[in-house]
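Below is one structure, written out as structure tokens, with a few remarks after it.
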Amino acid sequence: MRRGYHWRAMRRYHVTTFGCQMNAHDSERIKGMLESLGLGEAVSQAEADVIVFNTCTIREKPDQRFAAHIAQARALKERDPGTVIAVGGCYAEAQRERLFELYPEVDVAFGPGSIPHLAEWLGAGGVGVGRGRFGIAEERAFAGELPMHRERSFQAWVQVSMGCNSRCAYCIVPSVRGREVSRRPGEIVAEVTRLADEGVREVTLLGQNVNSWGRDLAPDVRTEFGELLRACDAVEGIERIRFTSPHPKDFRDPVVAAMAECDAVCEHIHLPLQSGSDRILKAMRRTYDRARYLRLVEKLRAGIPDLALGTDIIVGFPGETEDDFRATLEAVEEVRYDSAFTFIYSPRRGTEAAELDDQVPYEVKRDRLERLVDVVQRIAAERNAERVGGVEEVLVEGPSRTDEARLRGRTRRNTTVNFDGSAAPGELVPVEITSATSTTLGGRRTALVAA
Ligand code: 5AD
Ligand code: SF4
């Protein structure tokens, strides 16, 4: 008998996801695929016959988190050797066969482009696997046509491209997710239409660089991202369209115009700055300088009323001096972001920047991060305070995380709102804003229509 007192007819899986929204979306496909093999979802690893990790390797921290998590799976497998451990995602792709040396308990490993083959590697219908296999498909494939297990009935991610053609000196993504390939527009719009028919109201278009989408397509279907936004906007039932992430170097006028003209496209852009120093931007191979970035911000704000801007910033890139760092602080003051993700530079094996000599000491990086976070939070709090007294359209997501009696949702500008009143998840409701912090708004449902 297997663990526990009950013989279970149904085999169960458990998926742990690390990393970005693209990975979270890949996990929906992994789950859908396991379900199509007849497995059910387990509430915990301990209940699972197949334990899956969908990993990230963008910085050292997710690598370490994975190491901590897999230790638990190893212990479970020692008790029940029939347990299958599968490791997918970017860390698996970066390590390849080395993964089996580091973690001998792993049965199967697969990269982000190989999800469509997972069923065959797990042994269709059963879960017998050849040990120590790294599943590499000859051709990467979109997971778009696979069965999907969606976490929310009214929100969905839609993949528009895979891979990335940029060569940012710090970033591991191009080497683990490969060259950029755009999904065909017809396929994307068909998926959005199907989702809308199923009750989805908000879609987030995903790509490593959404704004270069379409350039690699065959001439007969070649198009650009603005056209895709317009096509998705025309789908009946879709009330909100988001996308992530654009690269500042590829943000062209037709996309700005589409954002301004399409009712469903939300007034929010996540526009990674990375650094405010021209010298560092150059060393990072970002291909824009601070002045060009700021001009783009000006154009976006002029073209799209009430736009919210978010960003990613790295501190402590090799060679970053105090002056370079101050230039980043200045750029943040100038743009006044509504939100920002801030990171300590983390050398990644195989990237250009990891080979540079002048790595910044950890204490210096830590200190810069703290100073940056102070500025980011102060500005975000000021920006959010400006919303107090207004009415925002909120898409209800569920109960508030901090107070079960309240509801939580997000504004079109992508700010989380905790509010009083009743509404069902998936509903769009007007909320009067009464309070603000650097990351959230507070309010109450009102009868007024959002301005
Ligand atoms: N170190 C720190 N941050 C990184 N990012 C990407 N690579 C690294 C790295 N090696 C950040 C960038 C990117 C975000 C997803 O992660 O800011 O936009
Ligand atoms: Fe996402 Fe990058 Fe992490 Fe891969 S390495 S999961 S692309 S953040």
Side-chain angles (χ1 to χ4, degrees), residues 15-30 53-66 87-95 110-115 140 143 157 159 161-180 204 206-211 244-249 269-276 280-281 283-286 288 293 310-318 320 328 331-332 337 339-356 359-360 362 365-366 368-369 372-373 376:
V15 179
T16 307
T17 309
F18 303 92
C20 64
Q21 296 184 52
M22 188 70 90
N23 240 30
H25 182 46
D26 285 349
S27 286
E28 295 184 325
R29 301 291 185 192
I30 292 170
F53 294 96
N54 193 15
T55 61
C56 168
T57 192
I58 193 91
R59 288 170 290 276
E60 202 183 338
K61 234 190 219 154
D63 289 10
Q64 292 165 345
R65 285 184 57 218
F66 166 65
V87 181
C90 296
Y91 177 73
E93 180 71 47
Q95 298 299 328
F110 56 101
S114 303
I115 295 168
R140 287 179 303 148
W157 289 298
Q159 190 181 7
S161 63
M162 60 180 158
C164 182
N165 285 353
S166 296
R167 282 282 170 264
C168 301
Y170 50 80
C171 190
I172 190 77
V173 171
S175 69
V176 290
R177 291 214 177 232
R179 302 277 300 163
E180 183 174 305
T204 302
L206 293 179
Q208 248 72 42
N209 175 4
V210 287
N211 266 346
T244 199
S245 288
H247 191 305
K249 79 178 164 61
I269 302 175
H270 185 75
L271 194 68
L273 168 71
Q274 312 299 6
S275 169
I280 297 297
L281 284 169
M284 286 177 163
R285 299 198 188 283
R286 291 292 289 173
Y288 54 84
Y293 183 97
T311 199
D312 289 341
I313 296 169
I314 299 175
V315 299
F317 185 83
E320 185 187 75
T328 297
V332 170
Y337 293 103
S339 64
F341 295 117
T342 51
F343 307 106
I344 284 183
Y345 168 73
S346 170
R348 305 280 69 204
R349 219 161 59 106
T351 60
E352 184 186 346
E355 306 301 320
L356 299 173
Q359 301 286 329
V360 176
Y362 185 75
K365 293 199 266 197
R366 184 84 245 163
R368 287 181 189 164
L369 185 79
L372 175 61
V373 167
V376 159

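We count ligands from 1, going down the list as the structure has it; atoms in each ligand are counted the same way. Only heavy atoms go into these numbers, but all of them, side chains included; no hydrogens, no water, no symmetry mates.
- One finds a salt bridge joining E352 and R285 here, because a Lys/Arg side-chain nitrogen approaches an Asp/Glu carboxylate oxygen to under 4.0 Å.
- To the nearest 0.5 Å, atom CD1 of residue I172 and atom OG1 of residue T351 are 6.0 Å apart.
- The cationic group of R65 does not satisfy the cation-pi geometry with F18, failing either the under 6.0 Å distance to the six-membered ring centre or the 45° limit from the ring axis.
- Residue S161 holds its OG atom at 10.5 Å from CZ of R177, rounded to the nearest 0.5 Å.
- From Q159, atom CD reaches atom CZ of R29 across 8.0 Å, with rounding to the nearest 0.5 Å.
- For atom 2 (C) of ligand 1, the closest non-hydrogen atom of the protein is I344 O, 3.3 Å.
- Relative ring orientation between F66 and Y91 is described as tilted, the plane-to-plane angle lying within the 30° to 60° band.
- The protein heavy-atom contact nearest to atom 10 (N) of ligand 1 is S346 O, 2.8 Å.
- The protein non-hydrogen atom at the shortest distance from atom 7 (N) of ligand 1 is Y170 CD1, 3.3 Å.
- Annotation: atom 11 (C) of ligand 1 to nearest protein heavy atom, R59 NH1, 3.3 Å.
- Close contacts of ligand 2 with Q208, meaning ligand atoms under 4.0 Å from a residue heavy atom, involve 7 (S).
- You'll find the side chain of K249 stays beyond 4.5 Å of the side chain of Y293, heavy atoms only.
- Those atoms of ligand 1 with a heavy atom of R348 less than 4.0 angstrom away are 10 (N).
- Taking a cut-off of 2.8 Å, the protein N, O or S atoms nearer than that to atom 1 (Fe) of ligand 2 are C20 SG.
- Atom 14 (C) of ligand 1 has D312 OD2, 3.5 Å as its closest protein atom, hydrogens excluded (heavy atom only).
- Short contacts between ligand 2 and T57, defined as distances under 4.0 Å to a heavy atom of the residue, involve ligand atoms 3 (Fe), 5 (S).
- Note that the CD atom of E320 and the CD1 atom of I280 stand 5.5 Å from one another [nearest 0.5 Å].
- Atom 17 (O) of ligand 1 has its closest protein heavy atom at Q274 OE1, 2.6 Å.
- We find the CG-SG distance between L206 and C20 to be 8.0 Å, quoted to the nearest 0.5 Å.
- To the nearest 0.5 angstrom, C171 atom SG is 8.0 Å from I314 atom CD1.
- Side chains of T17 and N54: no donor on one and acceptor on the other come within 3.5 Å.
- Contact annotation for I58 and ligand 1: heavy atoms of both the backbone and the side chain come within less than 4.0 Å of the ligand.
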